[in-house]
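Every value quoted in this text rests on a predicted model; they were computed, and no experiment measured them.
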Amino acid sequence: MLLEVCVDDWEQAVTAVKNGAKRLEVCSDLNDEGFTPSIEMTKKILNEIPKDISVHIMIRPKSSKKENIINSFFYSNEELTEMKNQITEFKKINNPNLVGFVFGCLKKEDNLITIDLNAINELIGCAKENSSKLYNITFHKAFDLITCPPLHALESLVDVGVNRILTSLSFQNRDLKGKVMDSFQSEENQILLKQWFGKVVELNSMNSPMILLLGGGVRKENSEKIINYMEQFIDTSNYELHSSTSFHIN
């Protein structure tokens, strides 16, 4: 079982790896749900961590910060251009440990909050452009904010080349505070989760890789319960854990 830990400074990164992290999501300003980190800090982290630790970079410009968290994922053309420029700059680092990017783009459509597939396509295209490396693409926990059917959103993201979704499995939230354990304990959520897990299994069997990255209140104390619950429905190769704290998984 892989544990990804989100960090926003060099010391956190080093500590996270020592304490059990197998992958790092590098960002800045974790207290504000994370923004794009600096090139300098990212280089320092990449130079210090072991060669078997992979790194994903969050792409979320500070210019997009808004009082309403949902609106901060509705990107303007200028913000989208800034995000593409950021991806281009990180690609120039050319470090083998830097293997992926994390971003999430939303839009309003027919009074629903849904995935902005055009924006996602542009960002994925930028990651692919003039690169021999096939970067992993994670859709940000902004997925928890959508009000369109999550099963349809999952399929749409697979179609455009996203291979991970960071989610608490608590959908239609008004913020990013959803907890994984709460989603398991919600009776009304159980049918949807079983459908969702079934679709992930189906996609992976059809060679359409999709990994669920479970994040939101994930800690050492509840990690075993989360794994035991998930084992009822899905193989451990189809999901990973994401946390702001590092720990060793038994």
Side-chain angles (χ1 to χ4, degrees), residues 1-30 32-64 75 79-105 119-143 157 160-166 209-215 237 239-246:
M1 174 55 59
L2 184 145
L3 173 67
E4 174 184 275
V5 176
C6 51
V7 298
D8 64 0
D9 66 41
W10 171 77
E11 290 181 349
Q12 282 183 359
V14 173
T15 300
V17 171
K18 287 181 179 178
N19 291 342
K22 298 302 181 185
R23 184 172 65 234
L24 301 176
E25 180 197 80
V26 178
C27 62
S28 67
D29 303 279
L30 270 175
D32 277 329
E33 306 295 353
F35 292 101
T36 306
S38 70
I39 295 288
E40 293 74 20
M41 181 186 73
T42 303
K43 285 182 177 178
K44 187 174 183 179
I45 290 173
L46 288 166
N47 288 335
E48 293 294 331
I49 61 176
K51 299 305 180 186
D52 61 340
I53 302 298
S54 56
V55 169
H56 288 180
I57 303 295
M58 182 181 290
I59 302 296
R60 183 178 172 229
K62 286 189 177 180
S63 60
S64 68
Y75 294 113
E79 288 164 344
L80 199 57
T81 296
E82 183 180 357
M83 295 168 78
K84 289 188 285 187
N85 290 339
Q86 290 172 344
I87 290 172
T88 298
E89 290 304 306
F90 280 108
K91 286 166 59 181
K92 291 178 182 177
I93 295 176
N94 196 29
N95 185 293
N97 291 54
L98 200 169
V99 299
F101 294 103
V102 182
F103 42 76
C105 307
I120 293 295
N121 256 325
E122 284 194 46
L123 296 175
I124 292 177
C126 180
K128 289 180 177 179
E129 187 177 12
N130 299 323
S131 177
S132 59
K133 182 185 290 188
L134 187 61
Y135 289 97
N136 295 319
I137 303 297
T138 300
F139 194 90
H140 186 281
K141 201 182 176 188
F143 192 89
L157 289 174
V160 297
V162 171
N163 44 33
R164 274 179 185 77
I165 297 175
L166 174 56
M210 173 54 72
I211 293 174
L212 298 182
L213 186 55
L214 306 186
S237 63
Y239 74 97
E240 300 165 344
L241 301 184
H242 171 98
S243 180
S244 59
T245 63
S246 52

Under a 3.5 Å cutoff, is there a donor and acceptor pairing between the side chains of D8 and Q12? yes

Hey, what do you get for CD1 (I49) to OG (S54), rounding to the nearest 0.5 Å? 8.0 Å

With a 4.5 Å limit on heavy-atom distance, are the side chains of E4 and L241 in contact? no

Distance from H242 atom NE2 to T138 atom OG1, nearest 0.5 Å? 9.5 Å

L214/Y239 under side chain to side chain contact (heavy atoms under 4.5 Å, CB included): CA gap, chis, key distance, verdict: CA-CA 7 Å; L214 306 186; Y239 74 97; 4.0 Å; yes

Check ion pair R164-E240 (N to O, under 4.0 angstrom): yes

Under the side-chain hydrogen bond (donor to acceptor under 3.5 Å, both in side chains) criterion, do E79 and S64 qualify, and how do the steps go? CA-CA 7 Å; E79 288 164 344; S64 68; 5.3 Å; no

For the CD1 atom of I45 and the OG atom of S38, what is their distance to the nearest 0.5 Å? 8.0 Å

More than 12 heavy atoms of other residues, nucleotides or ligands under 6.0 Å from NZ of K133: yes or no? yes

Within the side chain of N19, is there an N or O that forms a donor-acceptor pair under 3.5 Å with the backbone of T245? no

Is the shortest side-chain N to carboxylate O distance from K43 to E40 below 4.0 Å? no

On a heavy-atom basis, which atom in P61 and which in F35 lie closest, and how many Å separate them? O-CD2, 3.6 Å

To the nearest 0.5 angstrom, please state how far the CD1 atom of I59 sits from the CD atom of E82. 10.0 Å

With distance as the sole test, does K91 use its side chain to make a donor-acceptor pair with the main-chain N or O of C126 at under 3.5 Å? yes

Rounded to the nearest 0.5 Å, how far does CZ of R23 lie from CG of N97? 12.5 Å

Within-4.5 Å side-chain heavy-atom neighbours: F103 and I87: yes

Quick check: closest heavy atoms across D29 and K62, and the distance to 0.1 Å? OD2-CE, 2.8 Å

Taken to the nearest 0.5 Å, the spacing of I39 CD1 from K44 NZ works out to 15.5 Å

Salt bridge present between K84 and E122 (N-O < 4.0 angstrom): yes

Give me the atom names and distance for the closest heavy-atom approach of A16 to L24. CB-CD2, 3.9 Å

Tell me the closest heavy-atom pair linking A21 and S246, and the distance in Å. N-CB, 4.5 Å

Does H56 reach the side chain of F101, with side-chain heavy atoms less than 4.5 Å apart? no

Shortest non-hydrogen contact between N163 and Y135, atoms and distance: ND2-O, 4.5 Å

Could you check if a side-chain atom of S244 sits within less than 4.5 angstrom of a side-chain atom of V5, using non-hydrogen atoms only? no

Run the side chain to side chain contact (heavy atoms under 4.5 Å, CB included) test on F139 and V102 for me, step by step, so that the C-alpha distance in whole Å, both residues' side-chain angles and the decisive distance to 0.1 Å come before the verdict. CA-CA 6 Å; F139 194 90; V102 182; over 6 Å; no

Would a 4.5 Å heavy-atom cut-off, applied to side chains only, mark L98 and L46 as touching? yes

Validation row: M1, K22 side chains within 4.5 angstrom (heavy atoms): no

Run the side chain to side chain contact (heavy atoms under 4.5 Å, CB included) check on S28 and T36 step by step: do they pass? CA-CA 6 Å; S28 67; T36 306; 5.8 Å; no

Determine whether more than 12 heavy atoms belonging to other residues, nucleotides or ligands lie under 6.0 Å from atom CD1 of I93. yes

Would you name the heavy atoms of C27 and G34 that are closest together and state the gap between them? SG-CA, 4.1 Å

From the list V14, V26, V17, side-chain contact (heavy atoms from CB on, under 4.5 Å) partner of V7 resolves to V26

Determine, stepwise, if the pair L123 / L80 fulfils side chain to side chain contact (heavy atoms under 4.5 Å, CB included). CA-CA 8 Å; L123 296 175; L80 199 57; 4.0 Å; yes

